[in-house]
Amino acid sequence: MSSSLFTIAQSLVRAMNEMDLDKIAPSLHHDFHHRVFPAIMRPAGVPEEGAGKELWLMRAKGLSGLIGSGSLGINIDDPISVVESADSVVLLVNSDGKLNDGTSLKLEYVYIFKFKDEKVISLDEFLDSAGAIKAFRPSA
């Protein structure tokens with residue numbers, strides 16, 4: 001893959017892996033919108049229709065506390081599947097990361113990136129709910 005949209009998506013996922021907010025923010029359009037599925041993984045206070053840029057960045061900052069010196073481990077350099085169009089990139093990827101407390105993070109994600117002005121205007125995220133609940137909500 002060598003398209004500019006795939007490269008932007010790949011760079012954003014790399015920054016998400018490390019929770020590098022300084023690299024995440026510039027990739028996002030000012031009208032950025034994020035939705036996560038299944039709904040059980042939606043953070044409290046985030047409406048069904050999703051979160052805007054500032055709320056999503058605050059959520060990422062909170063998630064960075066769970067990751068600490070770990071990583072989401074999303075294997076963006078070896079995606080399972082990539083589908084592209086003129087304004088979208090769909091990625092199926094897996095992860096093999098560790099949270100700060102040592103919890104293994106083995107999930108599959110589907111990311112649907114939509115672009116405007118070569119920035120990510122929306123990101124829909126679908127993930128393995130059972131694995132995510134186990135990793136991110138150990139008491140559930």
Sorted by chain and residue number, the side-chain contact (heavy atoms from CB on, under 4.5 Å) partners of Lys116 (sequence neighbours excluded) come out as His29, Ile121

Across all chains, not counting sequence neighbours, the side-chain contact (heavy atoms from CB on, under 4.5 Å) partners of Val93 are Ile74, Ile76, Pro79, Leu91, Tyr109, Tyr111

Find the distance between [atom1] ([X]) and [atom2] ([Y]) and round it off to the nearest 0.5 Å.
| X | Y | atom1 | atom2 | answer |
| --- | --- | --- | --- | --- |
| Phe6 | Ser11 | CZ | OG | 9.5 Å |
| Ile112 | Leu123 | CD1 | CG | 9.0 Å |
| Leu107 | Phe126 | CG | CZ | 15.5 Å |
| Met16 | Ser95 | CE | OG | 10.5 Å |
| Ser4 | Glu84 | OG | CD | 8.5 Å |
| Leu12 | Thr7 | CG | OG1 | 12.5 Å |

Only one of Val13, Val90, Ile8, Asp124 passes side chain to side chain contact (heavy atoms under 4.5 Å, CB included) with Phe113, and that residue is Val13

Residues Asn75 and Asp96: closest non-hydrogen pair is ND2-N, 4.4 Å

Taking every heavy atom of Leu5 against every heavy atom of Ser85, the minimum-distance pair comes out as CD1-O, 4.1 Å

With heavy-atom distances below 4.5 Å as the criterion, would you say the side chains of Glu125 and Val110 are in contact?
no

Surrounding NZ of Lys114 (heavy atoms of other residues, nucleotides or ligands, distance under 6.0 Å), is the total greater than 12?
no

Side chain to side chain contact (heavy atoms under 4.5 Å, CB included) between Ser122 and His34, worked out
CA-CA 6 Å; Ser122 71; His34 174 254; over 6 Å; no

(Q) Quick test of your reading of the model: are Arg14 and Asp77 salt-bridged, counting only N-O distances below 4.0 Å? (A) yes

(message) Assess the residue pair Val83 and Val89 against the criterion (side chain to side chain contact (heavy atoms under 4.5 Å, CB included)); give the C-alpha distance rounded to whole Å, side-chain angles, the decisive distance to 0.1 Å, and a yes or no.
(response) CA-CA 6 Å; Val83 178; Val89 174; over 6 Å; no

Under a 3.5 Å distance rule, please check whether Lys119 uses its side chain to pair with a backbone N or O of His30 as donor and acceptor. no

* How far apart are the C-alpha atoms of Ile80 and Asn94, what are their side-chain angles, what is the distance that settles it, and do they pass the side chain to side chain contact (heavy atoms under 4.5 Å, CB included) test? -> CA-CA 7 Å; Ile80 298 167; Asn94 61 28; 4.0 Å; yes

Sorted by chain and number, sequence neighbours left out, salt bridge (charged side-chain N to carboxylate O under 4.0 Å, His left out) with Asp78 holds for none

